[in-house]
Amino acid sequence: MAFALPVHPMKKGDHLFLVDGSGYIFRAYHALPPLTRKSDGLPVGAVSGFCNMLWKLLQNARDTNVGVTPTHFAVIFDYSSKTFRNELYSEYKANRTEPPEDLVPQFGLIREATRAFDLPCIEKEGFEADDLIATYARHAVEAGGDATIISSDKDLMQLVGPCVSMYDPMKDREIRVPEVIEKWGVPPEKMIDLQALTGDSIDNVPGVPGIGPKTAAQLLEEYGDLDTLLDRASEIKQNKRRENLIAHADNARLSRELVRLRTDVPVDEGIDAFQLNPPDGPKLIGFLKAMEFTTLTRRVAEATGADAAEIEAATVEVAEGAAAHGPDLTVPSSGTGEAGAEGEVAPAGPRGETPHQLAKNLADQAATTAIDRTAYECIRTTERLEHWIGEAREAGIVAFDTETTSLDPMQAGLCGVSLAVAPGRAAYVPLSHKDGSGDLLGGGLIEDQIAEEEALTLLKPLLEDASVLKIGQNLKFDWLLLYRKGIEVAPYDDTMLISYALEAGAGHAGGGHGMDSLSERWLGHVPIPYKELTGTGRNQITFDMVEIEKATAYAAEDADITLRLWHVLKPRLVANGLTTVYERLERPMISVVGRMEHRGIQVDRQILSRMSGDFAQTAAGMEEEIYELAGDRFTIGSPKQLGEILFGRMGLPGGAKTKSGQWSTSAQVLEELAAAGHALPRRIVDWRQVTKLKSTYTDALPGYIHPETGRVHTSYSLASTTTGRLSSSEPNLQNIPIRTTEGRKIRRAFVAPEGCRLISADYSQIELRVLAHVAEIPQLRQAFADGLDIHAMTASEMFGVPVEGMPGEVRRRAKAINFGIIYGISAFGLANQLAIPREEASAYIKRYFERFPGIKDYMEETKAFARQNGYVETIFGRRAHYPEIRSSNPSVRAFNERAAINAPIQGSAADIIRRAMIRMEGALADAGLGEVKMLLQVHDELIFEAPVDLVEKAIPVIRETMESAAFPARNLSVPLQVDARAADNWDEAH
DNA sequence: GTGGTCTCCTA
DNA sequence: GTAGGAGACCACA
């Protein structure tokens, strides 16, 4: 260990150690025993290896093969592998692997570990660790010192020289010039040329096909360097090798720029700041204890003379790739920002600008370059289509949009496809446009259109190409349409979901995250309205009847706008720390939900038809009685007429008024009148129930049965709630009745096919559990840990009534209060719910806050946060915006405050089930349960269809996946509980 | 035909 | 008291 020296600049004889932190993480993860976990399950294997390595280098470097003691020390990380270039091309990386889930939390922990060792933790936005290491190594040498790079990455070997060496901490092996030559056959200064020839499949550096390290070394030995080799490539005897070198010379030069490290990064910290100081024993021990590294804790205590028993474990936050570093989730890539931009984003600006400037320029360009609809091409031949596909491949990115005959992706026919490869460079491929000259059966196909099948055959490889990023707006629609046609679009981005991650609830003009409002908001451009082409109402035509010229302007514009929006919005994810939310919670839902919608659920038409008949008879009888009691025939379904009868002619005491000043005829009002002994209101309530069930469910559902699949395919909206919940429509399958016996029967029409069962798995009390976690309420946590009846526990705590033999009414009130808390309680609302005086409700709330003071704190903190920031966050970092929370109108403000209190709870629960859904297919497949299909989501419930013989095996897999869904991103302080059951129909399964 | 209002279904 | 979607009615075009 170095002595405590006064600050001094690095000088001759000094030795700088530069640890490649990001590289180490991946290497340690794979090299060390996989299942090192803390007692609470947190995986810490890589952190453990990292700490041991640091300690060894700091304490006993001389005893290792490094052989020298450092005077300066720094740990370097990738700021985020999503530097601008990854932002633009993250999907461009072939073979890019997502890090394993149990490695993810360790990214943040390793930074924490570095700080606990009191070592500089260096990263710089827009640059990779390798570039920083190269720059600092140069600084050290220029100051007359030496540098040792702690890494075994071949990408860094180009830096090795007389004063710079490398050290592989796993093998305790030094890497100097002879070692590089031994391993690669070339000296360090030729490593760049060697890598340019061999390429790198992980980082997607192209290189020259057919040339591996052996051949590359031999060629460089013979020709000296890459330029000479390429100039004299024609002399090479081997035919294939010569042709490849000539054909891929440009790739080799590009690759050289990708692998060359930059030594001129404008760093924020000088190397003088890396001077090594003695460790802060207690601080380090606190961290090590928190990690439960007992052996190392003991060693550090011995070496620093601290008493480990006296020191408390530190509190260590586990973030899922801490917000600002979410992009660290991808494997680091090589190359510099400027080189990566070469030839691919040429319009963006001169070389040498930082990646973020480049991204900003692209965004500005996308937003400000005028949209010229006359510049779009109409693609009418396969040759032109192939040309555009080539352009898309070259760009590595393509926005696309499908034009169809219907808004329902399960029914829609394809009219055409549009593509955009750069802002302003867009085209439309008409496939099935008609001129109306044909007969009524739809003849009159216009000539000079590529046949759909032919076009899709050409497009499929592009749409499925792992190295080309596809961009859509509301992509689930196009994804599902193409999925029906045997194309699985990947990889992709969705501008609607990016916008949603950025500002759910922000509520700007135009409402949501549709293309028209996004275009207006971000590009200042109003796209051609769809209705301008198709008309509206009874004269509306389908898109295939639109003139091709107009269709081209419209469709190509959509693709153009989508691409521009992506340039503008995608960088904002990084800037706002929302990349992780988008990549882990939003984007993966497209294919998961797309498949669910595609599967649909079987609905028994007979059951519904029979019920409709029964309901019709019942309602007819009721109507006669109602007319009798009212003394007149009227439209019972008209609240206005009903109000006039009840409160006008019959003179019953009116209760509440509606917004527009009418007497309310809500069920609540009618129930009160019925309780007061009036006959008519009771009949009305019953009639409404029956007609509601008939019109909304038993009559409507059969109309949604798909003509070909015979099943019902709902459509889930991924971006229409403020909190992160899904919504379901056409039909809405998230509001199928359950509360009443009559209504519940409708669920019996949702069935499993012959030989299968439906499995229903639902989270028990998930929102209260989330509340107990986020508000840190000890009694609630304990009650959940003990598996108690949470409402009874609440009642017992509040009213002092023992749980044994508690009256139902007492528990019911506590339950209402618990729900009220989740909804951002008000005395008014609780009084309403429980039909008690407001004063009494007030007293309940007061007592609740006294018993659970953490709740009050949570509410106040949440409101303050929302006022301060205009949004609130779920435990996974999803944001829900409440721009009106600062309204001067007290009722608007109060409403927003309640919503802001509710959103983190409802939204965290929504995030958890999203995580479960995203993992479910893989979990089932891993268990050999690929035939078990997830069909529906109802906020806290998932419905599956499974072959009978797989049901018993599937249930534990489903339950386990759901119960562990928060992990490892978050360690909930409360267990999640899932109840699951199987049956022939949804009623009995639930 | 479109849009607002009222009511009611779910978590 | 939170978050949704949908059907019926009705006034407006």
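Given the structure is predicted, the values throughout are model-derived calculations rather than measurements. By convention in this document, chain letters (A, B, ...) are assigned in the order of the sequence lines, proteins followed by strands, and residues within each chain are numbered from 1.
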**OP:** Please work out if A/G637 contacts a base, only the sugar-phosphate, or nothing of the nucleic acid, heavy-atom cut-off 4.0 Å.
**Re:** sugar-phosphate
**OP:** Tell me what A/A816 touches on the nucleic acid: a base, only sugar-phosphate, or nothing, going by heavy atoms under 4.0 Å.
**Re:** base
**OP:** May I ask you to say what A/Q662 touches in the nucleic acid, namely base, sugar-phosphate or nothing, with a heavy-atom cut-off under 4.0 Å?
**Re:** nothing
Original post:
When you measure from the side chain of A/T658, which nucleotide among B/dA11, B/dT7, C/dA3 comes out closest?
Top reply: B/dT7
Original post:
Of the nucleotides C/dG1, B/dA11, C/dC9, which has the atom closest to the A/N832 side chain?
Top reply: C/dG1
Subject >> Members of residues 720-735 of chain A that approach DNA chain B, where some heavy atom sits under 4.0 Å away >> reply: A/R725, A/Q734, A/N735
Subject >> Candidates C/dA8, B/dC9, C/dG1 - which lies nearest the side chain of A/Y823 >> reply: C/dG1
Original post:
Who pairs with A/Y500 by ring pair (Phe, Tyr, Trp, His ring centres under 6.0 Å), at least two apart in sequence or on another chain?
Top reply: A/H513
Subject >> Residue A/A700, side-chain atoms from C-beta onward, closest of C/dG7, B/dT10, B/dT5 >> reply: C/dG7
Original post:
In whole angstrom, what separates A/L642's CG from C/dC10's P?
Top reply: 11 Å
Subject >> Under-4.0 Å side-chain N/O to phosphate OP1/OP2 contact, A/S666 with B/dC6 >> reply: no
**OP:** Indicate, with a heavy-atom threshold strictly under 4.0 Å, whether A/F895 touches base, sugar-phosphate, or nothing.
**Re:** sugar-phosphate
**OP:** Go through B/dT7, C/dG1, B/dA11 for me and flag the one nearest to the A/Q833 side chain.
**Re:** C/dG1
Original post:
Applying the salt bridge (charged side-chain N to carboxylate O under 4.0 Å, His left out) test to A/R878, which of A/E586, A/E873, A/E503 qualifies?
Top reply: A/E586
Original post:
Reckon A/I738 touches a base, only the sugar-phosphate, or nothing at all at heavy-atom distances under 4.0 Å?
Top reply: sugar-phosphate
Subject >> Candidates C/dG1, C/dT2, B/dC6 - which lies nearest the side chain of A/K659 >> reply: B/dC6
Subject >> Note: A/E897-A/R867 ion pair, threshold 4.0 Å (strictly below) >> reply: yes
Original post:
With a 4.5 Å heavy-atom cut-off, do A/I822 and A/N902 have their side chains touching?
Top reply: yes
